[in-house]
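Working notes, structure below.
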Amino acid sequence: MTGTDLASVLAGARLLPVLTVPSTATAGPLADALAAGGARCAEVTFRTSGAEQVLNSMAAHGGLTVGAGTVLTPEQAERAVAAGARFVVSPGFDEEVVDKCRELGVPVVPGIATATELMRALRAGVDTVKLFPAEPLGGLRTLRALAAPFPGTRFVPTGGIDTSRMAAYLADPAVLAVGGSWMATAAHLERGDYEEIRRLTAEAVERSTT
């Protein structure tokens with residue numbers, strides 16, 4: 001792993017809420033709801049114009065370890081870390097993004113969908129990868145098939161996973177954590193339904209620790 005080890009940064013947390021936050025005004029209440037539900041970390045995706053401000057606000061909350069997701073370029077990685085990101089997640093493997101994160105001293109979790117991409121990531125010194133999109137790719141069967149030839153690789157499957165599927169992934173020894181957006185969807189944020197976000201987060205956290 002580049003820089004710091006992701007497992008150390010997550011400090012045992014196995015649930016990674018993946019957040020696309022359309023308004024910076026929702027960052028504070030969202031962080032409060034996630035923390036109240038027991039979440040200890042979160043990934044803020046760089047899919048909105050205010051992502052840096054949201055990340056900065058949530059990182060300042062103090063109750064969450066916050067990283068940046070959907071990082072596509074070295075420049076985005078640099079901006080994310082400057083905004084407070086403790087780790088970087090990308091939907092695919094890009095060696096320049098990996099190199100930039102190594103330079104910045106933060107863990108990077110590149111996305112992979114094939115054995116070839118996984119081999120490239122391992123060759124670049126990465127030992128924790130994001131299987132994405134996990135469910136459309138075949139879910140746990142695909143993850144196990146990829147993990148078998150590469151012992152020691154850790155996976156953070158993301159994409160199409162919900163609370164009903166999470167436990168099966170977490171039971172696999174190759175899985176470090178599971179990423180998902182079902183706890184705080186665009187609809188939840190649009191309605192300002194922070195109590196539902198807290199409830200879903202608490203339910204997911206409980207299932208992730210049993």
Side-chain angles (χ1 to χ4, degrees), residues 1-21 24 26-46 51-71 80-81 83-90 101 104-109 111 127-132 134 154-159 161-185 188-189 193-210:
M1 174 60 66
T2 61
T4 310
D5 180 73
L6 180 68
S8 299
V9 171
L10 296 185
R14 305 198 69 202
L15 176 69
L16 182 58
V18 178
L19 313 169
T20 300
V21 186
T24 55
T26 65
L30 175 57
D32 288 339
L34 291 169
R40 303 207 306 266
C41 59
E43 173 189 328
V44 175
T45 66
F46 265 53
E52 286 171 80
Q53 291 79 9
V54 170
L55 196 157
N56 186 259
S57 176
M58 295 189 72
H61 180 272
L64 297 169
T65 297
V66 183
T70 321
V71 172
V81 172
R86 296 278 308 282
F87 58 92
V88 168
V89 182
S90 181
C101 291
L104 295 168
V106 296
V108 58
V109 187
D127 61 13
T128 302
V129 295
K130 168 181 174 175
L131 178 64
F132 179 80
R154 304 300 299 279
F155 292 83
V156 182
T158 308
I161 301 172
D162 59 20
T163 188
S164 67
R165 295 177 173 90
M166 178 182 63
Y169 280 97
L170 290 176
D172 191 286
V175 173
L176 175 65
V178 167
S181 58
W182 76 90
M183 295 149 282
T185 65
H188 290 134
L189 294 173
D193 196 349
Y194 299 108
E195 174 53 30
E196 180 67 358
I197 291 172
R198 185 209 62 76
R199 186 191 69 78
L200 290 170
T201 301
E203 178 185 55
V205 168
E206 181 179 2
R207 292 196 179 196
S208 73
T209 56
T210 55

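We're numbering straight along the sequence, starting at 1. Quick caveat: nothing in here was measured; it's all calculated off a predicted structure.
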Is a side-chain donor or acceptor of [X] paired with a backbone partner of [Y] at a separation under 3.5 angstrom?
{"X": "Ser90", "Y": "Val71", "result": "yes"}
{"X": "Arg86", "Y": "Cys41", "result": "no"}
{"X": "Thr209", "Y": "Glu206", "result": "yes"}
{"X": "Arg40", "Y": "Ala11", "result": "yes"}
{"X": "Asn56", "Y": "Ala59", "result": "no"}
{"X": "Thr201", "Y": "Ile197", "result": "yes"}

- Applying the side chain to side chain contact (heavy atoms under 4.5 Å, CB included) test to Val18, which of Ile161, Val89, Thr158 qualifies?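 Among Ile161, Val89, Thr158, the one that satisfies the side chain to side chain contact (heavy atoms under 4.5 Å, CB included) with Val18 is Thr158.
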Might you point out which heavy atoms bring [X] and [Y] nearest each other, and give the distance in Å?
{"X": "Ala68", "Y": "Leu55", "answer": "CB-CD1, 3.6 Å"}
{"X": "Val106", "Y": "Ala85", "answer": "CG1-O, 4.2 Å"}
{"X": "Ala204", "Y": "Leu15", "answer": "CB-CD2, 3.5 Å"}
{"X": "Ala184", "Y": "Leu30", "answer": "CB-CD1, 4.0 Å"}
{"X": "Val175", "Y": "Arg154", "answer": "O-NH2, 3.5 Å"}
{"X": "Ser164", "Y": "Asp162", "answer": "OG-OD1, 2.6 Å"}

Starting at [atom1] of [X], measure out to [atom2] of [Y] and round the result to the nearest 0.5 Å.
{"X": "Thr20", "Y": "Phe46", "atom1": "OG1", "atom2": "CZ", "answer": "12.0 Å"}
{"X": "Leu200", "Y": "Thr163", "atom1": "CG", "atom2": "OG1", "answer": "8.0 Å"}
{"X": "Lys130", "Y": "Leu6", "atom1": "NZ", "atom2": "CG", "answer": "12.0 Å"}
{"X": "Leu131", "Y": "Tyr169", "atom1": "CG", "atom2": "OH", "answer": "7.0 Å"}
{"X": "His188", "Y": "Thr26", "atom1": "NE2", "atom2": "OG1", "answer": "13.5 Å"}
{"X": "Asp5", "Y": "Leu176", "atom1": "CG", "atom2": "CG", "answer": "8.0 Å"}

If you define the side chain from C-beta out and look only at heavy atoms, does anything of [X] sit under 4.5 Å from [Y]?
{"X": "Tyr194", "Y": "Asp32", "result": "no"}
{"X": "Met166", "Y": "Trp182", "result": "yes"}
{"X": "Val129", "Y": "Phe155", "result": "yes"}
{"X": "Leu34", "Y": "Leu19", "result": "yes"}

- Item | All salt bridge (Lys or Arg N to Asp or Glu O under 4.0 Å) counterparts of Glu203, not counting sequence neighbours |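 Glu203 satisfies salt bridge (Lys or Arg N to Asp or Glu O under 4.0 Å) with no other residue.
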- Message: Run the side chain to side chain contact (heavy atoms under 4.5 Å, CB included) test on Leu16 and Phe87 for me, step by step, so that the C-alpha distance in whole Å, both residues' side-chain angles and the decisive distance to 0.1 Å come before the verdict.
- Response: CA-CA 12 Å; Leu16 182 58; Phe87 58 92; 3.8 Å; yes
- Which residue pairs pass the salt bridge (Lys or Arg N to Asp or Glu O under 4.0 Å) test when at least one of the two sits in residues 53-71, sequence neighbours left out?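 For residues 53-71, and leaving out neighbouring residues, there are no salt bridge (Lys or Arg N to Asp or Glu O under 4.0 Å) pairs at all.
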